[in-house]
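Each ligand, and each atom within it, is numbered from 1 in the order the structure gives. Throughout, residue positions are numbered sequentially from 1 according to the sequence presented.
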Amino acid sequence: MQIKANPLRHGVALSDKKAATKDLPVQAIPAPDTVAICMSQHIGKPAQPVVQAGDAVLKGQLIARADGPVSANIYSSVSGTVKSVETRKDDRGASAQYVVVQNDKQDNAAFLPPLAEKTKENILERIREAGIVGLGGAAFPTYVKMTPRTPVDALVINGAECEPYLTCDYRLMVEKYAELLQGIRYLALALGVDKIYIGIEENKPDCIERFAGEEDIVTVPLHERYPMGSEKHLIYSCTGRKVPCGKLPADAGCVVQNVATAYAVYEAVELGKPLFERVLTVSGGAVQRPQNLLVPNGTAFSYILDYCGVDDSCAMIVDGGPMMGVAVADRKVVTKKATSGLLALTKAETDGSTPTPCVSCGRCARACPMHLMPMDIDFYTQNEDYEGARDWGGVLNCIECGSCAYVCPAKRPIVQSVRLAKAKLRELAATNGK
Ligand code: SF4
Ligand code: SF4
(Lines give C-alpha, C1' and ligand atoms only; values in the text may rest on other atoms or scores of the structure.)
(Ligands and ions follow the chains in the order given, each with its own letter.)
Protein backbone atom coordinates (compact mmCIF):
# COMPACT_ATOMS: atom_id res chain seq x y z
CA MET A 1 0.00 0.00 0.00
CA GLN A 2 1.28 3.50 -0.81
CA ILE A 3 0.18 6.89 0.52
CA LYS A 4 1.33 10.46 -0.04
CA ALA A 5 3.65 12.00 2.55
CA ASN A 6 2.44 14.83 4.71
CA PRO A 7 4.33 17.77 3.22
CA LEU A 8 7.22 19.29 5.15
CA ARG A 9 8.76 22.66 4.62
CA HIS A 10 12.25 23.84 5.63
CA GLY A 11 15.37 21.70 5.28
CA VAL A 12 17.59 21.93 2.21
CA ALA A 13 17.74 20.49 -1.30
CA LEU A 14 21.02 18.64 -1.77
CA SER A 15 22.69 16.86 -4.65
CA ASP A 16 22.48 13.22 -3.53
CA LYS A 17 25.95 12.18 -4.86
CA LYS A 18 24.94 8.52 -4.72
CA ALA A 19 25.71 7.63 -8.34
CA ALA A 20 29.22 6.31 -7.58
CA THR A 21 27.97 3.45 -5.36
CA LYS A 22 24.21 3.00 -5.70
CA ASP A 23 24.49 0.24 -8.32
CA LEU A 24 27.40 -1.57 -6.67
CA PRO A 25 26.50 -4.80 -4.84
CA VAL A 26 27.79 -5.18 -1.29
CA GLN A 27 31.19 -6.89 -1.10
CA ALA A 28 32.79 -8.26 2.07
CA ILE A 29 36.15 -6.68 2.79
CA PRO A 30 38.82 -9.26 3.77
CA ALA A 31 39.01 -9.17 7.56
CA PRO A 32 42.09 -7.24 8.81
CA ASP A 33 44.93 -8.77 10.85
CA THR A 34 43.64 -7.09 14.00
CA VAL A 35 40.42 -5.45 15.06
CA ALA A 36 40.08 -2.98 17.94
CA ILE A 37 36.52 -3.22 19.21
CA CYS A 38 35.27 -0.24 21.20
CA MET A 39 33.35 -0.81 24.45
CA SER A 40 31.58 2.50 24.08
CA GLN A 41 29.88 2.33 20.70
CA HIS A 42 26.29 2.92 21.78
CA ILE A 43 24.38 5.53 23.74
CA GLY A 44 24.50 4.66 27.43
CA LYS A 45 27.07 3.04 29.70
CA PRO A 46 30.08 1.35 28.07
CA ALA A 47 29.97 -2.44 27.95
CA GLN A 48 32.21 -4.32 30.39
CA PRO A 49 34.82 -6.64 28.83
CA VAL A 50 34.45 -10.32 29.76
CA VAL A 51 37.72 -11.37 28.08
CA GLN A 52 41.34 -10.60 28.81
CA ALA A 53 44.65 -10.65 26.97
CA GLY A 54 45.54 -14.17 25.84
CA ASP A 55 41.96 -15.46 25.63
CA ALA A 56 40.97 -17.32 22.47
CA VAL A 57 37.76 -15.96 20.91
CA LEU A 58 35.46 -17.02 18.11
CA LYS A 59 33.73 -14.78 15.59
CA GLY A 60 30.37 -13.97 17.14
CA GLN A 61 31.53 -14.64 20.72
CA LEU A 62 30.50 -12.26 23.50
CA ILE A 63 33.50 -10.16 24.52
CA ALA A 64 31.74 -7.46 26.56
CA ARG A 65 28.50 -7.46 28.50
CA ALA A 66 26.01 -4.59 28.63
CA ASP A 67 26.45 -2.63 31.85
CA GLY A 68 23.00 -1.62 33.06
CA PRO A 69 19.68 -1.10 31.32
CA VAL A 70 20.95 1.40 28.72
CA SER A 71 23.98 -0.36 27.28
CA ALA A 72 24.60 -3.13 24.73
CA ASN A 73 26.48 -6.44 24.47
CA ILE A 74 29.50 -6.52 22.17
CA TYR A 75 30.74 -9.51 20.14
CA SER A 76 34.03 -10.32 18.46
CA SER A 77 34.03 -9.73 14.70
CA VAL A 78 36.88 -12.18 13.99
CA SER A 79 38.24 -15.40 15.49
CA GLY A 80 41.65 -15.30 17.12
CA THR A 81 43.34 -14.22 20.33
CA VAL A 82 42.74 -11.17 22.51
CA LYS A 83 45.94 -9.12 22.29
CA SER A 84 44.97 -6.49 24.82
CA VAL A 85 42.18 -4.68 26.60
CA GLU A 86 43.34 -1.07 26.47
CA THR A 87 42.23 2.54 26.68
CA ARG A 88 42.39 4.66 23.53
CA LYS A 89 41.02 7.98 22.37
CA ASP A 90 38.14 7.80 19.90
CA ASP A 91 37.53 10.06 16.88
CA ARG A 92 35.82 12.69 19.05
CA GLY A 93 38.74 12.82 21.46
CA ALA A 94 36.97 10.84 24.21
CA SER A 95 38.73 7.99 25.98
CA ALA A 96 37.21 4.54 25.72
CA GLN A 97 38.20 0.94 26.34
CA TYR A 98 38.97 -1.33 23.39
CA VAL A 99 39.35 -5.08 23.07
CA VAL A 100 42.05 -5.73 20.47
CA VAL A 101 41.80 -9.14 18.78
CA GLN A 102 44.52 -10.72 16.64
CA ASN A 103 42.73 -12.39 13.73
CA ASP A 104 43.78 -16.03 13.21
CA LYS A 105 42.11 -15.95 9.75
CA GLN A 106 40.37 -19.25 10.58
CA ASP A 107 36.97 -17.56 10.63
CA ASN A 108 35.72 -19.94 13.32
CA ALA A 109 32.30 -18.72 14.37
CA ALA A 110 29.94 -19.39 17.27
CA PHE A 111 26.53 -17.78 16.89
CA LEU A 112 23.53 -17.93 19.16
CA PRO A 113 21.01 -20.64 18.32
CA PRO A 114 18.35 -19.47 15.82
CA LEU A 115 15.19 -18.44 17.66
CA ALA A 116 12.76 -21.36 17.59
CA GLU A 117 9.67 -19.69 19.03
CA LYS A 118 9.25 -16.21 17.60
CA THR A 119 7.13 -14.67 20.35
CA LYS A 120 7.15 -10.98 21.31
CA GLU A 121 9.15 -11.74 24.48
CA ASN A 122 11.64 -14.01 22.74
CA ILE A 123 12.30 -11.52 19.93
CA LEU A 124 12.82 -8.68 22.39
CA GLU A 125 15.23 -10.78 24.42
CA ARG A 126 17.10 -11.77 21.25
CA ILE A 127 17.43 -8.11 20.23
CA ARG A 128 18.91 -7.35 23.66
CA GLU A 129 21.17 -10.38 23.70
CA ALA A 130 22.51 -9.78 20.15
CA GLY A 131 23.70 -6.29 21.09
CA ILE A 132 21.61 -4.57 18.42
CA VAL A 133 21.65 -0.77 18.43
CA GLY A 134 20.18 1.81 16.06
CA LEU A 135 22.28 1.54 12.90
CA GLY A 136 21.02 4.77 11.36
CA GLY A 137 23.63 6.72 13.32
CA ALA A 138 22.26 7.19 16.83
CA ALA A 139 23.40 3.78 18.20
CA PHE A 140 20.67 3.80 20.84
CA PRO A 141 20.20 0.27 22.24
CA THR A 142 17.32 -1.18 20.22
CA TYR A 143 15.93 -3.23 23.11
CA VAL A 144 15.39 -0.03 25.11
CA LYS A 145 13.68 1.69 22.18
CA MET A 146 11.49 -1.36 21.66
CA THR A 147 10.23 -1.29 25.25
CA PRO A 148 8.85 2.27 25.54
CA ARG A 149 7.27 3.51 28.76
CA THR A 150 4.18 4.78 26.95
CA PRO A 151 1.98 2.60 24.73
CA VAL A 152 2.70 2.81 20.99
CA ASP A 153 0.61 1.70 18.03
CA ALA A 154 2.91 2.29 15.04
CA LEU A 155 6.31 1.17 13.79
CA VAL A 156 7.95 3.60 11.37
CA ILE A 157 10.81 2.23 9.30
CA ASN A 158 13.41 4.68 8.09
CA GLY A 159 14.43 3.90 4.53
CA ALA A 160 15.04 7.54 3.64
CA GLU A 161 18.86 7.50 3.62
CA CYS A 162 18.80 11.23 2.99
CA GLU A 163 22.54 11.86 3.61
CA PRO A 164 24.39 12.43 0.33
CA TYR A 165 26.87 9.74 -0.82
CA LEU A 166 25.50 6.96 1.43
CA THR A 167 23.92 3.96 -0.30
CA CYS A 168 24.36 1.15 2.25
CA ASP A 169 20.68 1.17 3.29
CA TYR A 170 19.62 1.28 -0.36
CA ARG A 171 21.72 -1.77 -1.17
CA LEU A 172 20.20 -3.68 1.76
CA MET A 173 16.72 -2.83 0.46
CA VAL A 174 17.69 -4.05 -3.02
CA GLU A 175 19.76 -7.12 -2.15
CA LYS A 176 18.18 -8.35 1.09
CA TYR A 177 14.57 -7.40 0.51
CA ALA A 178 12.96 -10.64 1.79
CA GLU A 179 15.17 -10.77 4.88
CA LEU A 180 14.60 -7.11 5.61
CA LEU A 181 10.86 -7.55 5.29
CA GLN A 182 11.02 -10.40 7.78
CA GLY A 183 13.08 -8.23 10.16
CA ILE A 184 10.48 -5.45 9.92
CA ARG A 185 7.71 -7.93 10.75
CA TYR A 186 9.68 -9.24 13.74
CA LEU A 187 10.04 -5.67 14.97
CA ALA A 188 6.28 -5.11 14.65
CA LEU A 189 5.59 -8.37 16.46
CA ALA A 190 7.98 -7.45 19.26
CA LEU A 191 6.31 -4.05 19.63
CA GLY A 192 2.82 -5.53 19.47
CA VAL A 193 1.69 -3.17 16.68
CA ASP A 194 0.06 -3.82 13.35
CA LYS A 195 0.55 -0.37 11.80
CA ILE A 196 3.82 -0.39 9.87
CA TYR A 197 5.03 2.56 7.78
CA ILE A 198 8.20 2.83 5.72
CA GLY A 199 9.45 6.21 4.48
CA ILE A 200 11.70 6.07 1.40
CA GLU A 201 13.09 9.04 -0.53
CA GLU A 202 11.82 9.43 -4.08
CA ASN A 203 15.33 8.83 -5.43
CA LYS A 204 14.78 5.09 -4.76
CA PRO A 205 11.72 4.39 -6.93
CA ASP A 206 12.53 0.66 -7.23
CA CYS A 207 12.36 0.25 -3.43
CA ILE A 208 9.16 2.29 -3.21
CA GLU A 209 7.49 0.13 -5.83
CA ARG A 210 8.53 -3.08 -4.12
CA PHE A 211 7.39 -2.13 -0.62
CA ALA A 212 4.15 -0.65 -2.00
CA GLY A 213 3.18 -4.18 -3.00
CA GLU A 214 3.11 -5.33 0.65
CA GLU A 215 -0.41 -5.40 2.13
CA ASP A 216 0.66 -4.87 5.73
CA ILE A 217 3.11 -2.02 5.15
CA VAL A 218 2.22 1.56 4.30
CA THR A 219 4.86 2.91 1.94
CA VAL A 220 5.44 6.65 1.97
CA PRO A 221 7.57 8.21 -0.81
CA LEU A 222 9.44 11.18 0.68
CA HIS A 223 10.44 14.31 -1.18
CA GLU A 224 14.16 14.58 -1.72
CA ARG A 225 14.71 17.19 0.89
CA TYR A 226 17.25 16.91 3.68
CA PRO A 227 16.74 15.91 6.55
CA MET A 228 13.69 13.81 5.68
CA GLY A 229 15.13 10.88 7.62
CA SER A 230 15.22 12.62 11.00
CA GLU A 231 12.90 10.80 13.41
CA LYS A 232 10.45 13.59 14.07
CA HIS A 233 10.15 14.56 10.40
CA LEU A 234 9.79 10.98 9.30
CA ILE A 235 6.98 10.39 11.80
CA TYR A 236 5.14 13.48 10.59
CA SER A 237 5.66 12.63 6.91
CA CYS A 238 4.37 9.09 7.41
CA THR A 239 1.66 9.44 10.05
CA GLY A 240 0.84 13.14 10.30
CA ARG A 241 1.64 12.97 14.04
CA LYS A 242 3.76 15.68 15.65
CA VAL A 243 6.34 14.88 18.33
CA PRO A 244 6.41 17.89 20.68
CA CYS A 245 9.71 19.57 21.60
CA GLY A 246 11.50 17.67 24.34
CA LYS A 247 9.37 14.56 23.78
CA LEU A 248 10.16 11.18 22.25
CA PRO A 249 8.58 9.41 19.26
CA ALA A 250 6.83 7.08 21.74
CA ASP A 251 4.93 10.13 23.03
CA ALA A 252 3.34 10.25 19.56
CA GLY A 253 2.68 6.51 19.67
CA CYS A 254 5.57 5.61 17.34
CA VAL A 255 8.86 3.77 17.39
CA VAL A 256 11.28 4.46 14.53
CA GLN A 257 13.83 1.90 13.34
CA ASN A 258 16.30 2.10 10.49
CA VAL A 259 16.29 -0.52 7.69
CA ALA A 260 19.77 -1.73 8.66
CA THR A 261 18.55 -2.29 12.22
CA ALA A 262 15.61 -4.31 10.91
CA TYR A 263 18.02 -6.43 8.89
CA ALA A 264 20.20 -6.99 11.99
CA VAL A 265 17.05 -8.16 13.81
CA TYR A 266 16.35 -10.65 11.02
CA GLU A 267 19.90 -12.04 11.30
CA ALA A 268 19.73 -12.29 15.09
CA VAL A 269 16.35 -14.05 15.09
CA GLU A 270 16.71 -16.32 12.07
CA LEU A 271 20.43 -17.04 12.06
CA GLY A 272 21.36 -16.39 15.70
CA LYS A 273 23.91 -13.90 14.43
CA PRO A 274 24.81 -11.14 16.87
CA LEU A 275 25.75 -7.68 15.62
CA PHE A 276 29.48 -7.70 14.84
CA GLU A 277 29.65 -6.42 11.24
CA ARG A 278 27.73 -4.05 9.03
CA VAL A 279 27.45 -2.62 5.53
CA LEU A 280 28.92 0.84 5.05
CA THR A 281 29.53 3.05 2.02
CA VAL A 282 33.03 4.19 1.12
CA SER A 283 32.83 7.12 -1.26
CA GLY A 284 33.93 10.67 -2.07
CA GLY A 285 35.89 12.27 -4.89
CA ALA A 286 39.26 11.11 -3.53
CA VAL A 287 38.29 7.41 -3.37
CA GLN A 288 39.60 5.42 -6.34
CA ARG A 289 37.20 2.47 -5.93
CA PRO A 290 34.03 3.64 -4.16
CA GLN A 291 32.13 0.66 -2.71
CA ASN A 292 29.48 -0.69 -0.40
CA LEU A 293 31.39 -2.96 1.96
CA LEU A 294 30.49 -5.46 4.65
CA VAL A 295 33.02 -4.56 7.35
CA PRO A 296 33.92 -6.30 10.65
CA ASN A 297 33.36 -4.15 13.73
CA GLY A 298 36.64 -2.59 14.88
CA THR A 299 38.32 -2.32 11.46
CA ALA A 300 40.72 0.65 11.15
CA PHE A 301 39.65 3.40 8.73
CA SER A 302 43.20 3.31 7.30
CA TYR A 303 42.71 -0.36 6.31
CA ILE A 304 39.40 0.37 4.56
CA LEU A 305 40.79 3.44 2.79
CA ASP A 306 43.85 1.49 1.62
CA TYR A 307 41.56 -1.26 0.32
CA CYS A 308 39.49 1.22 -1.69
CA GLY A 309 42.40 3.47 -2.68
CA VAL A 310 42.57 7.14 -1.76
CA ASP A 311 44.49 9.59 -3.92
CA ASP A 312 46.40 12.77 -3.09
CA SER A 313 43.37 14.97 -3.71
CA CYS A 314 41.92 13.89 -0.34
CA ALA A 315 41.33 16.97 1.81
CA MET A 316 39.12 15.45 4.49
CA ILE A 317 38.09 12.05 5.88
CA VAL A 318 34.54 11.95 7.23
CA ASP A 319 33.08 9.31 9.54
CA GLY A 320 29.45 9.12 8.34
CA GLY A 321 27.66 11.33 5.83
CA PRO A 322 28.78 14.83 4.88
CA MET A 323 25.96 16.56 6.77
CA MET A 324 25.96 14.80 10.15
CA GLY A 325 29.29 12.98 10.02
CA VAL A 326 32.45 13.94 11.85
CA ALA A 327 35.76 14.91 10.25
CA VAL A 328 38.44 12.44 11.28
CA ALA A 329 42.03 13.49 11.78
CA ASP A 330 43.47 10.09 12.70
CA ARG A 331 42.99 7.23 10.23
CA LYS A 332 43.67 4.71 13.02
CA VAL A 333 40.09 5.31 14.18
CA VAL A 334 38.01 2.13 13.87
CA THR A 335 34.50 1.30 12.68
CA LYS A 336 31.70 0.93 15.19
CA LYS A 337 28.21 -0.51 14.98
CA ALA A 338 26.78 2.80 13.75
CA THR A 339 29.46 3.60 11.15
CA SER A 340 27.37 3.97 8.00
CA GLY A 341 29.88 5.69 5.76
CA LEU A 342 33.49 6.62 5.30
CA LEU A 343 34.13 9.49 2.92
CA ALA A 344 37.39 10.78 1.47
CA LEU A 345 36.49 14.19 0.11
CA THR A 346 38.43 16.49 -2.17
CA LYS A 347 38.92 20.18 -1.47
CA ALA A 348 36.17 20.98 -3.96
CA GLU A 349 33.77 18.73 -2.01
CA THR A 350 34.49 20.38 1.32
CA ASP A 351 34.08 23.97 2.24
CA GLY A 352 37.24 25.16 3.86
CA SER A 353 36.25 28.84 3.82
CA THR A 354 37.06 30.84 6.91
CA PRO A 355 33.96 31.91 8.87
CA THR A 356 33.12 35.62 8.71
CA PRO A 357 30.71 37.58 10.93
CA CYS A 358 27.00 36.83 10.65
CA VAL A 359 25.24 39.11 8.18
CA SER A 360 21.79 38.52 9.70
CA CYS A 361 20.39 37.18 6.45
CA GLY A 362 18.06 34.71 8.21
CA ARG A 363 18.79 31.87 5.79
CA CYS A 364 19.73 29.51 8.62
CA ALA A 365 16.39 30.06 10.36
CA ARG A 366 14.50 29.49 7.12
CA ALA A 367 16.38 26.23 6.52
CA CYS A 368 16.11 24.89 10.07
CA PRO A 369 13.71 21.92 10.08
CA MET A 370 13.21 22.34 13.83
CA HIS A 371 12.15 26.01 13.49
CA LEU A 372 15.04 27.17 15.69
CA MET A 373 17.14 30.33 15.53
CA PRO A 374 20.55 28.89 14.59
CA MET A 375 22.19 32.34 14.41
CA ASP A 376 21.26 32.89 18.06
CA ILE A 377 22.66 29.52 19.08
CA ASP A 378 25.93 30.46 17.36
CA PHE A 379 25.98 33.99 18.81
CA TYR A 380 25.33 32.97 22.40
CA THR A 381 27.73 30.01 22.24
CA GLN A 382 30.54 32.12 20.78
CA ASN A 383 29.98 34.48 23.72
CA GLU A 384 30.11 31.52 26.15
CA ASP A 385 26.49 32.15 27.19
CA TYR A 386 25.29 28.55 26.91
CA GLU A 387 22.07 29.18 28.81
CA GLY A 388 21.31 31.93 26.26
CA ALA A 389 21.85 29.38 23.48
CA ARG A 390 19.32 27.17 25.24
CA ASP A 391 16.76 29.83 26.15
CA TRP A 392 16.94 32.05 23.03
CA GLY A 393 18.25 29.72 20.38
CA GLY A 394 16.53 26.47 21.44
CA VAL A 395 19.76 24.48 21.20
CA LEU A 396 18.38 21.48 23.09
CA ASN A 397 15.87 20.87 20.30
CA CYS A 398 18.57 20.91 17.63
CA ILE A 399 18.97 17.60 15.77
CA GLU A 400 22.44 18.59 14.46
CA CYS A 401 21.35 18.12 10.85
CA GLY A 402 23.71 20.81 9.55
CA SER A 403 21.16 22.48 7.24
CA CYS A 404 21.86 25.89 8.81
CA ALA A 405 25.62 25.68 8.28
CA TYR A 406 25.08 24.43 4.73
CA VAL A 407 23.11 27.52 3.69
CA CYS A 408 25.05 30.10 5.73
CA PRO A 409 26.83 32.57 3.41
CA ALA A 410 29.18 33.57 6.25
CA LYS A 411 30.14 29.91 6.80
CA ARG A 412 29.41 30.17 10.49
CA PRO A 413 30.38 26.90 12.27
CA ILE A 414 26.88 26.54 13.70
CA VAL A 415 26.91 22.76 14.25
CA GLN A 416 30.16 23.01 16.21
CA SER A 417 28.50 25.74 18.29
CA VAL A 418 25.52 23.46 18.86
CA ARG A 419 27.69 20.55 20.01
CA LEU A 420 29.76 22.80 22.27
CA ALA A 421 26.67 24.40 23.83
CA LYS A 422 25.06 21.01 24.48
CA ALA A 423 28.26 19.69 26.08
CA LYS A 424 28.59 22.79 28.28
CA LEU A 425 24.92 22.59 29.29
CA ARG A 426 25.42 18.93 30.26
CA GLU A 427 28.41 19.96 32.40
CA LEU A 428 26.36 22.77 33.96
CA ALA A 429 23.48 20.39 34.69
CA ALA A 430 25.88 17.93 36.33
CA THR A 431 27.49 20.56 38.56
CA ASN A 432 24.41 22.69 39.36
CA GLY A 433 21.79 19.97 39.34
CA LYS A 434 19.88 22.14 36.81
S1 SF4 B 1 19.95 24.58 14.30
FE2 SF4 B 1 20.16 22.36 14.44
S3 SF4 B 1 18.23 21.52 13.66
FE4 SF4 B 1 18.35 23.67 12.99
S5 SF4 B 1 19.30 23.54 10.95
FE6 SF4 B 1 20.96 23.88 12.41
S7 SF4 B 1 21.71 21.84 12.91
FE8 SF4 B 1 19.67 21.57 11.95
S1 SF4 C 1 22.71 32.08 7.66
FE2 SF4 C 1 24.67 32.66 8.57
S3 SF4 C 1 24.90 34.84 8.07
FE4 SF4 C 1 22.72 34.32 7.74
S5 SF4 C 1 21.71 34.75 9.72
FE6 SF4 C 1 22.30 32.62 9.78
S7 SF4 C 1 24.31 32.63 10.80
FE8 SF4 C 1 23.94 34.71 10.09
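- At least one N/O/S atom of Cys408, whether from backbone or side chain, sits less than 2.8 Å from atom 2 (Fe) of ligand 2.
- Under the 3.5 Å distance criterion, with hydrogens and angles disregarded, no donor-acceptor pair is assigned to the side chains of Thr21 and Ser283.
- The closest approach between Ile414 and ligand 1 stays at or above 4.0 Å for every heavy atom of the residue.
- Of all protein heavy atoms, the one closest to atom 8 (Fe) of ligand 1 is Cys401 SG, 2.4 Å.
- The distance from atom CG of Asp312 to atom OG1 of Thr346, rounded to the nearest 0.5 Å, is 12.5 Å.
- Close approach of ligand 2 to Arg412 (heavy-atom distance below 4.0 Å) involves ligand atoms 7 (S).
- Taking 4.0 Å as the cut-off between side-chain N and carboxylate O, Lys422 and Glu400 count as a salt-bridged pair.
- The Cys364 neighbourhood of ligand 2 comprises atoms 1 (S), 5 (S), 6 (Fe), 7 (S), with distances under 4.0 Å to a heavy atom of that residue.
- Side-chain contact of Tyr307 with Gln27: a donor-acceptor pair under 3.5 Å is absent, judged by distance alone.
- For Ala367, the heavy-atom gap to ligand 1 stays at 4.0 angstrom or more.
- The protein heavy atom nearest to atom 5 (S) of ligand 2 is Gly362 N, 3.2 Å.
- A donor-acceptor pair shorter than 3.5 Å can be found between the side chains of Asp378 and Ser417.
- Counting only heavy atoms from C-beta outward, the side chains of Arg128 and Met146 never approach each other to under 4.5 Å.
- Annotation: atom 2 (Fe) of ligand 1 to nearest protein heavy atom, Cys398 SG, 2.3 Å.
- With rounding to the nearest 0.5 Å, the separation of CD in Glu387 from NZ in Lys424 is 13.0 Å.
- Near Met370, with a cut-off below 4.0 Å to any heavy atom, the atoms of ligand 1 are 3 (S).
- At a cut-off of 3.5 Å, with distance as the only test, a side-chain donor of Tyr170 or Asp206 sits close to an acceptor on the other residue.
- Near Cys358, the atoms of ligand 2 lying under 4.0 angstrom from a non-hydrogen atom of the residue are 3 (S), 5 (S), 7 (S), 8 (Fe).
- Heavy atoms of Val359 approach ligand 2 to within less than 4.0 angstrom.
- Classification of Glu214 and Arg185 as a salt-bridged pair holds, one side-chain N sitting under 4.0 Å from a carboxylate O.
- Residue Pro409 has at least one heavy-atom neighbour below 4.0 Å for each of these atoms of ligand 2: 1 (S).
- Atom 3 (S) of ligand 1 has Ile399 N, 3.6 Å as its closest protein atom, hydrogens excluded (heavy atom only).
- Taking backbone and side chain together, Cys404 holds an N, O or S atom under 2.8 Å from atom 6 (Fe) of ligand 1.
- Under 4.0 Å from ligand 2, not a single heavy atom of Ala365 appears.
- Residue-ligand proximity, Pro369 to ligand 1, at heavy-atom distances under 4.0 Å covers atoms 5 (S).
- When only non-hydrogen protein atoms are considered, atom 4 (Fe) of ligand 1 lies nearest to Cys368 SG, 2.3 Å.
- A salt bridge links Asp153 to Arg241: at least one charged side-chain nitrogen sits closer than 4.0 Å to a carboxylate oxygen.
- Between Pro374 and ligand 2 there is no heavy-atom distance shorter than 4.0 Å.
- Look at Lys145 and Glu231 and you find a salt bridge, because one of the NZ, NE, NH1 or NH2 atoms lies within 4.0 Å of a carboxylate O, short of that distance.
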